[in-house]
Amino acid sequence: MSLPPGSTIGIIGGGQLGRMLSIAAAALGYKCHIFDPHEAPCATDVAAHFTRAAFDDVEALRRFGETVDVVTYEFENVAVEPLAVLGEKLRPSARSLAVAQDRAEEKSFIEACGASVAPWRAVASLSDVEDAVSALGTPLVLKSRRYGYDGKGQVWVRADDEAADAWRAIREQPAVAEAGIGFDAEFSIIIARWADGRHAFWNCPRNEHREGILRRSSVPAGPEIAPHVEAAKASALAIAETLDHVGVLTVEFFATPSGPLVNEIAPRVHNSGHWTIEGSETSQFEQHVRAICGLPPGSTALTGAAAMMDNLIGADVERWPELVAEPGAHVHLYGKGEARPGRKMGHVTRVIRRD
Ligand code: ADP
Ligand code: MG
């Protein structure tokens, strides 16, 4: 069943992903209602309605659910249980959220889907970390099981005697210990899936990170990644199908000599897909709206020969006057306040034309 234009899409989370979803939804004639605990999250600049409440406020969620036709989320660090009041309106379902928000659940799930991840163990004490160091060797990265993003909640162990310091640095919280991977490149597979099982992929981007934060995504992904793409797509599809996922799902990979390794999944639109706004005939945001509203899939063909997206992080955003003056540069500013270091303030996409 498809939702007619004029219907309202509820979005849990009001950051830049919610903002770009709202813009895409508006283009298709939908209204958006943002649910977020902050005072003026940037998505509310472009959405029709806003509920300011805690993510676990069940009463507020119930009222929100009654005023919207479908609910989606742009942020996975929210408690799953309170979302039960949204019932069948939640797309993707709470299962996708539950799997993606706990790194230990996530890794076991990915392995159960037949895909490979870096050697890892769940750790809950210093002796677990020491055992992980002897079993996996160094370098090794500790990642908090929950609430990590943009490299936050991660501590590297570069030598055997650093285990205790690292365990303290991660504040002794349940974590996964993961072998450091000497990858050739990083890339992601972005898939959209419909309730009836239809699905669509985009060309896969190569992703470059600095200090755990995505800096650049570009398509085509290049020769180090090309041999891994078919296997990676099969893994992403298996993950989406096993979750019975509806909407966009992103799977991050490391390209290694022994094949693609899944790094993590995001049950939502993703920073590595921002290039699709101008670089693809249908953006990830529009496609997500299409999938959750039951509209047909849009074409994911490239609009040019290549596309490159650069994030504007912290003070990078001060370059906006020069960027808006650059012919062909597509500048996106998220309307956030202070340009704190590490904060994603905007992005710029350049599409290379076909000859
Ligand atoms: P986040 O949720 O913060 O995106 P990720 O697990 O994706 O966390 O880690 C962020 C980045 O850190 C990765 O994209 C990669 O560049 C680097 N990284 C993470 N895990 C490993 C690893 N096991 N080996 C090497 N690099 C890693
Ligand atoms: Mg990541």
Side-chain angles (χ1 to χ4, degrees), residues 13 15-17 73-78 96-97 99-111 115-123 129 132-133 135-158 162 166 169-170 173-190 204-218 221 224-225 228 232 236 239 248-274 284 309 311 313 341-344:
Q16 67 269 17
L17 302 177
Y73 42 88
E74 60 107 67
F75 179 63
E76 61 264 43
N77 291 325
V78 301
S96 295
L97 198 60
V99 166
Q101 71 180 202
D102 178 325
R103 291 191 192 272
E105 294 282 329
E106 180 183 34
K107 287 182 192 296
S108 315
F109 177 82
I110 292 163
E111 291 179 314
S116 303
V117 298
W120 70 283
R121 307 187 151 198
V123 295
V129 177
V133 168
L136 307 173
T138 55
L140 168 155
V141 58
L142 291 184
K143 301 181 180 178
S144 64
R145 281 177 69 151
R146 290 175 178 273
Y147 304 119
Y149 69 98
D150 287 349
K152 294 185 175 67
Q154 301 192 8
V155 179
W156 281 85
V157 182
R158 300 196 185 276
E162 289 178 10
I170 201 158
Q173 57 183 316
V176 295
E178 193 182 307
I181 298 299
F183 50 74
D184 297 324
E186 290 187 82
F187 66 102
S188 50
I189 298 288
I190 311 171
C204 96
R206 174 197 190 101
N207 300 326
E208 295 166 60
H209 294 80
R210 215 164 55 230
E211 290 150 7
I213 306 181
L214 184 69
R215 300 286 153 159
R216 170 174 288 180
S217 289
S218 37
E224 291 108 327
I225 292 165
H228 298 287
I239 291 167
V248 169
L249 172 86
T250 306
V251 185
E252 296 180 14
F253 287 90
F254 300 128
T256 78
S258 55
L261 290 184
V262 175
N263 172 30
E264 63 171 349
I265 64 177
R268 52 166 170 79
V269 289
H270 193 259
N271 195 170
S272 66
H274 290 359
Q284 61 168 347
M309 185 273 340
N311 270 336
I313 295 171
R343 194 174 193 200
K344 290 175 177 169

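Source: prediction; values computed, not measured. Numbers here are sequence positions counted from 1. Start at 1 and go down the list; that is how both ligands and their atoms are numbered. Worth knowing before you read on, the calculation uses all heavy atoms, side chains too, and leaves out hydrogens, waters and symmetry mates.
By the definition of a contact as any protein heavy atom under 4.0 Å away, atom 13 (C) of ligand 1 is in contact.
Checked by atom type, the side-chain pair Gln173/Arg145 shows no donor-acceptor distance below 3.5 Å. Residues Gln284 and His274 bring a donor and an acceptor atom of their side chains to less than 3.5 Å of each other.
Contact between Ala179 and ligand 1 is present, with at least one heavy atom of the residue lying under 4.0 Å from the ligand. The closest approach between any non-hydrogen atom of Gly180 and ligand 1 is below 4.0 Å. Residue contact check for ligand 1: Trp156 places a non-hydrogen atom closer than 4.0 Å to it.
Each of the atoms 1 (P), 3 (O) of ligand 1 lies under 4.0 Å from some heavy atom of Asp150. Interface atoms of ligand 1 facing Glu186, defined by a heavy-atom separation under 4.0 Å, are 13 (C), 14 (O), 15 (C), 16 (O). Near Phe183, meaning under 4.0 Å from one of its heavy atoms, ligand 1 places the atoms 25 (C), 26 (N). Which parts of ligand 1 touch His209 is read off a 4.0 Å heavy-atom cut-off, strictly below it: atoms 14 (O), 16 (O).
Looking at atom 4 (O) of ligand 1, its nearest protein heavy atom turns out to be Glu264 OE2, 2.8 Å. Scanning all protein heavy atoms for the shortest distance to atom 11 (C) of ligand 1 gives Gly212 CA, 4.1 Å.
Close N/O approach between Lys143 and ligand 1 is found [any backbone or side-chain N/O within under 3.5 Å]. Inclusion of Gly151 in the set of residues having an N or O under 3.5 Å from an N or O of ligand 1 is warranted.
The heavy atom nearest to atom 25 (C) of ligand 1, considering only Ile181, Leu214, Asn263, is found in Ile181.
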Could you walk me through whether Ser272 and Ser217 pass side-chain hydrogen bond (donor to acceptor under 3.5 Å, both in side chains), step by step? CA-CA 6 Å; Ser272 66; Ser217 289; 4.9 Å; no
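Protein N/O/S atoms closer than 2.8 Å to the Mg ion (ligand 2), listed by chain and residue number, are Glu252 OE1, Glu252 OE2, Glu264 OE2.
Among residues two or more places apart in sequence or in another chain, the ring-ring contact (aromatic ring centres under 6.0 Å, His included) test is passed with Phe109 by none.
The line from CD1 of Ile189 to CZ of Phe187 is 5.5 Å long, rounded to the nearest 0.5 Å. Of the inter-residue distances, the one linking Tyr147 atom OH with Asp102 atom CG reads 10.0 Å to the nearest 0.5 angstrom. Interatomic distance, Asn263 CG to Phe254 CZ, rounded to the nearest 0.5 Å: 3.5 Å.
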Show me the donor-acceptor pairs, under 3.5 Å and distance only, between side chains in residues 208-215 and residues at least two apart or in other chains.
unit_1: His209; atom_1: ND1; unit_2: Glu186; atom_2: OE2; d: 2.9

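Across all their heavy atoms, Ser144 and Ile170 have their closest contact at N-CD1, 3.5 Å.
Legend: salt bridge (Lys or Arg N to Asp or Glu O under 4.0 Å) pairs involving residues 263-273, not counting sequence neighbours, sorted by first then second residue: Glu76-Arg268, Arg103-Glu264.
With contacts defined as side-chain heavy-atom distances shorter than 4.5 Å, the pair Val176/Leu142 does not qualify.
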